[in-house]
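The chains referred to below are lettered A, B, ... by the order of the sequence lines, with proteins before strands, and numbering in each begins at 1. No hydrogens, no waters, no symmetry mates; every other heavy atom, side chains included, goes into these values.
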Protein chains: 4
Amino acid sequence: MTNKKENILKSALELFANEGFNATSTNKIAQHAAVSEGLIFRHFKNKNGLLTAILESGEEKASRLFATILNQTDSKEVIRKTIELPFCIHKSEYDYWRLQFKLKWEKEYNNSKKIMPLVEKLTWAFSMLKYEKPNLEAQHLIYIFESISIELLKGNLDNQNIYKEFLKYKYTV
Amino acid sequence: MTNKKENILKSALELFANEGFNATSTNKIAQHAAVSEGLIFRHFKNKNGLLTAILESGEEKASRLFATILNQTDSKEVIRKTIELPFCIHKSEYDYWRLQFKLKWEKEYNNSKKIMPLVEKLTWAFSMLKYEKPNLEAQHLIYIFESISIELLKGNLDNQNIYKEFLKYKYTV
Amino acid sequence: MTNKKENILKSALELFANEGFNATSTNKIAQHAAVSEGLIFRHFKNKNGLLTAILESGEEKASRLFATILNQTDSKEVIRKTIELPFCIHKSEYDYWRLQFKLKWEKEYNNSKKIMPLVEKLTWAFSMLKYEKPNLEAQHLIYIFESISIELLKGNLDNQNIYKEFLKYKYTV
Amino acid sequence: MTNKKENILKSALELFANEGFNATSTNKIAQHAAVSEGLIFRHFKNKNGLLTAILESGEEKASRLFATILNQTDSKEVIRKTIELPFCIHKSEYDYWRLQFKLKWEKEYNNSKKIMPLVEKLTWAFSMLKYEKPNLEAQHLIYIFESISIELLKGNLDNQNIYKEFLKYKYTV
DNA sequence: TATGAATGAGTATTCATTCAT
DNA sequence: GATGAATGAATACTCATTCAT
């Protein structure tokens, strides 16, 4: 991938994540990436193509993140890793995830099915640990997981570490 | 308030909530409300003014919703009401709340302080019930509360009732 | 004439003179005059009608101004009065005259014929005073007259009094 | 400069000069120049930028015009050249100058200081010629100069040549 | 007489996209 | 691969004007 193409992807990600897809003009992206506006269309066909490219290039990242949990064989470890996951995301990837969460509000991009493997793994973990209603417990933890993520991505991290410990204590992991 | 003005407010709310603020043109709103585009600006000065008007007219609704919890004197009842709150919202008000949640992603509209009274009330409730870390428990429940709300507003209500009962059971309320 | 109608005329004159006819919206006039926009159209049919009304209501003023010169029987006095005329205009009438001068640049309103009687009177005066080319002298003085007027209306009155005396000295009047 | 950019400048100058800045819509300019409306904004940022570009591109023209007088070393020649200047302007530049004179009525564009060097040169010339009040004489001639210019630009050139000779005779130049 | 709601055409400007080079 | 000129449709917003009350 050429330097300029990558610049476009980076700039677009940053702008889409912070200002929103619709509020970001291709002109702004071009300026931010220091390339001509035409180049965006040469590389990505259109603005939506650019968004798709960003999302796809992040897909791998996302899979790798989940994989660390899905590969776990110890049930307690599955829960612990799930709780810790949002805190492990590197700041440099916040833009990508902020964009993902924003897009969830648009029907076309609401790919909530991606989290299903994690739900199933958690269900398995909770059933191993003899929780009464493992699937509801899994859903419960996912909800908490999502709220933490949102809070972190919005920059409200005040006492999140204390809360993380609180959670681990609650689940004795 | 004249009929047409109200039409504009209704149409705009619906469109902003479903398509997003930026993605909704004033022209589209006018057509949807069956009024001239100019009328929007005569009544609300500009597109942002229209958004503000929508938000303000919903403010009251929101306060009333929270009030039912904040007035509670029984600690268990506070928790039970909090869990049930998202399920009590009438479908006709979904648009308003969906808009609110979408806007939380824009810095200018992130009024996360509005929920503070509820956090405090929950802290009080948990401390009354001798929970070890009442403020963390409050934050915890708020997180769950927000995730449920998001899920409901997005239309994923499949087994939410079962989950609600699960939660009430968990908190023995 | 009702109070409100007069308010409209005054406000419109002020705004037309200072911001220009095209740059002044009827809305602005209405606000400035503290009346409803509709009233403007009730009284003057349309924006152009308002301009016409202003111009007509000033016509009389203008005629009276010129009359003081045209009635003169002493030739020297004619010249002296012509030189002094621009300086005699009351500040409160500057708006009217500024509007007049601005409109001269629009073909439709270029009524340069209004000054003809003055040209003729000056020609007469100069011929009485045995000037070689009285009609050219008249035209000459009119040019000076107009430049002074423009300068005064634009607010460049620095040393205009000295210049006035200089002129009177030049014409020995 | 591309062909189309120049077309825009030419069309805008013509329309601004004849119909006025406010009365000329960018749409009209685009049609007149046979380009898309968007191109105006790509080249000049906004309507005001277009005006500025026109004015700047004429600046040079103006300087060159004045220079022929300012470089003069013979005092009589200075006066003669000043009198003749308005008559030397080529018809093709009338639009530019008409625009300049119109804009003088708007505060933002009233650059009356540009004529100062000419005033000073004339003062010098009149003092060389032993006129009693050289600075007032300079101002006087400038006033005449401006009135002639206005008359010519408005198309009232009937007997202007006779008047020009009259002036030269008056100043014996 | 006076208001204020309402409109349709118009305004400057932006946008995503195309294309010749 | 990369640019920059060019476009047409859209955008938020303004305007003069009408009309029912």
Side-chain angles (χ1 to χ4, degrees), chain A residues 1-5 7-8 21-30 33-50, chain B residues 1-5 7-8 21-30 33-50, chain C residues 1-5 7-8 21-30 33-50, chain D residues 1-5 7-8 21-30 33-50:
Chain A
M1 181 144 54
T2 67
N3 203 354
K4 297 214 169 185
K5 188 173 179 183
N7 272 355
I8 294 171
F21 177 74
N22 280 303
T24 304
S25 68
T26 51
N27 172 30
K28 209 188 228 166
I29 297 167
V35 300
S36 71
E37 212 174 340
L39 195 57
I40 294 173
F41 295 88
R42 172 142 192 70
H43 278 309
F44 304 102
K45 184 156 167 61
N46 55 32
K47 200 183 167 188
N48 259 293
L50 175 54
Chain B
M1 181 145 50
T2 65
N3 204 355
K4 298 215 170 186
K5 188 173 178 185
N7 272 356
I8 294 171
F21 178 74
N22 280 306
T24 304
S25 70
T26 50
N27 171 26
K28 206 188 233 165
I29 297 167
V35 300
S36 71
E37 209 175 340
L39 194 57
I40 295 174
F41 297 91
R42 178 155 277 282
H43 279 309
F44 304 101
K45 182 147 176 70
N46 53 34
K47 203 183 164 187
N48 257 293
L50 175 53
Chain C
M1 180 146 53
T2 66
N3 203 354
K4 297 213 170 187
K5 188 173 179 185
N7 272 355
I8 294 171
F21 177 74
N22 280 303
T24 305
S25 69
T26 50
N27 172 30
K28 210 187 228 164
I29 297 167
V35 301
S36 71
E37 213 174 340
L39 194 57
I40 294 173
F41 294 88
R42 174 140 190 70
H43 278 308
F44 305 100
K45 182 153 166 65
N46 55 31
K47 200 183 166 188
N48 258 294
L50 176 53
Chain D
M1 180 144 52
T2 66
N3 204 354
K4 299 215 170 188
K5 188 173 178 184
N7 272 355
I8 294 170
F21 178 75
N22 281 306
T24 305
S25 70
T26 51
N27 172 27
K28 207 188 232 167
I29 298 168
V35 300
S36 70
E37 211 174 339
L39 193 58
I40 295 174
F41 297 89
R42 177 155 280 281
H43 279 310
F44 304 100
K45 183 147 175 71
N46 54 35
K47 203 183 165 187
N48 257 293
L50 175 54

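- Closest approach of Ala23(C) and Asn22(D) over heavy atoms only: CB-ND2, 3.6 Å.
- A 4.5 Å side-chain heavy-atom check between Leu50(B) and Ile29(B) finds at least one atom pair inside the cut-off.
- Side-chain atoms of Lys47(B) come within 3.5 Å of backbone atoms of Phe21(B) as a donor-acceptor pair (strictly under, hydrogens ignored).
- Between His43(D) and the phosphate of dG4(F), there is no side-chain N or O to OP1/OP2 separation shorter than 4.0 Å.
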Report, one pair per line, the protein and nucleotides 19-21 of chain F atoms (nitrogen or oxygen only) whose separation is under 3.5 Å.
none

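- A pairwise comparison of heavy atoms in Asn46(D) and Phe41(D) identifies CA-CD2, 3.7 Å as the closest pair.
- With sequence neighbours excluded, no residue forms a side chain to side chain contact (heavy atoms under 4.5 Å, CB included) with Lys45(D).
- With rounding to whole Å, Asn22(B) atom CG is found 13 Å from dC15(E) atom C1'.
- Side-chain proximity of Thr26(A) to dA16(E), dT17(F), dA2(E): nearest is dA16(E).
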- [ ] Both distances under 3.5 Å, Watson-Crick or G-U wobble: on that basis, could you give the dot-bracket string for DNA chain F, with [ ] for crossing pairs and | for other-strand partners?
- [x] .||||||||||||||||||||
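- Out of dA6(F), dT13(E), dA12(F), the shortest distance to the side chain of Lys47(B) is found at dA12(F).
- Residues Ala30(A) and Ser36(A) share a closest heavy-atom pair of CB-C, 4.0 Å.
- Contact between Lys4(A) and Val35(A) at its shortest, heavy atoms only, is CD-CG1, 3.8 Å.
- Between Asn46(D) and Ala34(B), the one whose closest nucleotide on DNA chain E sits nearer the 5' end is Ala34(B).
- Of the candidates dT3(E), dA12(E), dT7(E), the closest approach to any side-chain atom of Lys4(C) belongs to dT3(E).
- Set against dG1(F), dT11(E), dT17(E), the side chain of Ser25(D) has dT11(E) as its closest nucleotide.
- Note that CG of Asn7(B) is 13.0 Å distant from NZ of Lys5(B), once rounded to the nearest 0.5 Å.
- The side chain of Ser36(A) sits closest to dG4(F) out of dG4(F), dA6(E), dT7(F).
- Each of Val35(D) and Glu37(C) has a nearest nucleotide on DNA chain F; the 5'-most of these lies closest to Val35(D).
- Where Arg42(A) and Phe21(D) meet DNA chain E, the nucleotide closest to each residue was compared, and Phe21(D) sits on the side nearer the 5' end.
- Taken to the nearest 0.5 Å, the CD1 atom of Ile8(D) stands 11.5 Å off from the CZ atom of Arg42(D).
- For Phe41(D), the listed nucleotide lying nearest its side chain is dT13(E); candidates were dT7(E), dT13(E), dT7(F).
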